[in-house]
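Working notes, beginning with the structure itself.
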Amino acid sequence: MNRRTFLQESSKFSIAAGAWAAAPMANAKGFTRKSANEKIVMGAIGVNSMGNVIMNLAANQPNVEYAAICDVDANVANKRADEMLKKTGKRPIVFNDYRKMLEMKDLDAVSIGTPDHWHCLNMVDACQAGKDVYVEKPLANSIAECNVMVEATRKYGRIVQVGQQQRSGGHWQQAIKMIQDGSIGDLRKVNVWGNFNYGIGQKKVPDEAIPAGLDFDRWLGPAPTATYNQARHHGSWRFFWNYGGGLLTDWGVHLLDIALWAKNIKTAPLSASAVGGNYYAPDHDHQTFDTMGVQYQLPGYTINWEHCAGVEAGPYGRNYGLAFVGNNATLVIDRSGWEMFAEQENGKYKITPVPPNKWGKENHEEHVKNWIACMRDRKEPNCPIENGRLVALYAHLGNISLRTDSRVKYNETTADFGKNTEANALIKPIYRPPFVFPKV
Ligand SMILES: NC(=O)c1ccc[n+]([C@@H]2O[C@H](COP(=O)([O-])OP(=O)(O)OC[C@H]3O[C@@H](n4cnc5c(N)ncnc54)[C@H](O)[C@@H]3O)[C@@H](O)[C@H]2O)c1
């Protein structure tokens, strides 16, 4: 695809996205605006780790009540329900099947903190049931699931916040504004990296009997049948292709999102090309790549992703971050803050360098607050579904490139990789019966 066809493709997609954005959000499916004095009633799906964080942050907000909790692990569900009873004086109803929970008429919204292979069914069903949604990142474990989730949001007019919380963070917003205002000069390239020890997964252990209280068949859901292994369960599922995409989807979506935001990118890259493999820690259980680099080619812009799982040193003394390379300066940023390395001309700085500042922080709370405010006002939240979809697409392209040993070119119009049949086979998962890929 040359630059011209790329722009045509981009504009097609932006028009489509615009049309989605114009879909009725106010009063859709009977949801009326709610003033700050009116209660929003919520349910949570998947509450072990991040789902629990989001649930608690939302429950801390005025006039928000969690009336229901669903988790396929009864130990987790009951623990969280007891904690909520202690916190609020009311014990949420506990469910094992989220579809039963969605039948609750008084539920306005759900927050989803399940493993990635479940997000699509959880979220599309919730939209169809007329609930607003906070869905954790990456949006889904495949490109096709991401696409149908965008359709569901727009068709059912729901308020959907994707859990890329940096979008609600003040220092991220400030850095994006500086870049877009031209402070660092023309931006040609961004280096993005994420080195994490946890990325090699857990030590290999033998299969075990399914723990009491865990409905493992429902945990697997649409994924292929499997034996129970502790190293592939809570938390570490993200290193197995049927459930997650490794560091590239786990951290990549947080950071690549910022790389796309800086240039207001709305569509797939011209190509994605990856190198790497599994070189490290054979005693640890993981299928996803522990060592990886991906180059995304865009018109006039290159995005360069790198990760090394099992180590935590990185460029600029940061184990993860972005370095925006502009003609006047390089801006380096992570969750803790940012700094600017200025270029020189004739012995003079082109722009005043900025030493490292530390005003960044975790942004989950702002992101949850933004979701709730948008639900009340029926407004688009800080991380709309299209942003969640786009960055998940980028992450999946990197993995697909390395899994198929090919430079991949995703066509937004035909939603495939053209003649690359191996890559096409990885676009959409085959759901295990009785689960059916959602139709919107
Ligand atoms: N935004 C962030 O910074 C951030 C950080 C960490 C994790 N996450 C995301 O949060 C999600 C959850 O990750 P985690 O680390 O908390 O995983 P986890 O394995 O600790 O928890 C997932 C929970 O979901 C439950 N579950 C599985 N299938 C279910 C179903 N069908 N219905 C109800 N419950 C179900 C499991 O029993 C488990 O309790 C992932 O998508 C992850 O990428 C986001």
Side-chain angles (χ1 to χ4, degrees), residues 43-57 68-81 94-102 110-126 134-141 145-146 149 161-169 194 196 198-199 201-202 210-211 213-223 228 230-240 242-255 257 288 320 335 361-368 371 383 388 391-392 395 432 435:
I45 310 176
V47 284
N48 186 45
S49 179
M50 192 43 66
N52 181 45
V53 171
I54 299 304
M55 173 173 74
N56 274 284
L57 288 171
I69 284 180
C70 172
D71 201 294
V72 297
D73 188 335
N75 310 300
V76 172
N78 285 315
K79 183 166 174 241
R80 299 305 181 214
V94 168
F95 290 89
N96 158 283
D97 182 347
Y98 73 95
R99 291 167 304 178
K100 291 268 174 263
M101 187 176 98
L102 292 176
V110 294
S111 48
I112 299 173
T114 51
D116 306 349
H117 69 286
W118 258 113
H119 289 183
C120 179
L121 280 175
N122 294 157
M123 186 267 192
V124 173
D125 286 343
Y134 187 108
V135 57
E136 264 309 339
K137 53 44 62 177
L139 188 58
N141 198 33
E145 288 172 309
C146 291
M149 290 163 87
Q161 175 87 293
V162 183
Q164 290 156 212
Q165 64 273 9
Q166 289 73 213
R167 290 254 170 187
S168 294
F196 292 92
Y198 80 91
Q202 289 190 30
I210 297 167
L214 170 65
D215 184 341
F216 185 55
D217 190 62
R218 207 181 282 277
W219 187 95
L220 288 170
Y228 178 81
Q230 193 257 112
R232 299 172 182 212
H233 187 216
H234 285 321
S236 8
W237 48 262
R238 33 175 65 68
F239 307 113
F240 300 89
N242 287 334
Y243 323 125
L247 282 183
L248 182 52
T249 56
D250 207 34
W251 262 88
V253 295
H254 279 312
L255 301 172
D257 184 37
T288 56
Y320 72 92
R335 285 179 181 170
K361 60 180 175 89
E362 271 298 338
N363 305 119
H364 285 111
E365 186 168 12
E366 284 96 330
H367 210 47
V368 167
W371 176 52
C383 190
V391 76
R432 179 175 65 112
F435 297 94

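Start at 1 and go down the list; that is how both ligands and their atoms are numbered.
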> Without hydrogens or angle criteria, can the side chains of Q166 and H254 be said to hold a donor-acceptor pair below 3.5 Å?
Replying inline: yes
> With distance as the sole test, does N363 use its side chain to make a donor-acceptor pair with the main-chain N or O of K361 at under 3.5 Å?
Replying inline: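 Confirmed, N363 side chain pairs with K361 backbone.
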> Mind checking whether W219 and F216 have parallel, tilted or perpendicular rings, split at 30° and 60°?
Replying inline: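 Rings of W219 and F216: parallel, as their planes differ by under 30°.
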>> Please verify the inter-ring angle class for F196 with Y320; under 30° counts as parallel, over 60° as perpendicular, anything in between as tilted.
In response: parallel
>> Assess whether a salt bridge exists between D73 and K79, defined as any Lys/Arg side-chain N lying under 4.0 Å from an Asp/Glu carboxylate O.
In response: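 No, D73 and K79 are not salt-bridged.
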>> What I want to find out is whether R218 reaches D97 closely enough, with some N-O distance under 4.0 Å, to be called a salt bridge.
In response: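 Looking at R218 and D97, the cut-off is met.
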>> I'd like the residue list for ligand 1, meaning every protein residue with a non-hydrogen atom under 4.0 Å from the ligand.
In response: I45, G46, N48, S49, M50, C70, D71, V72, D73, V76, G113, T114, P115, D116, W118, H119, E136, K137, P138, G163, Q165, W219, H234, G235, W237, R238, D250, H254, H364
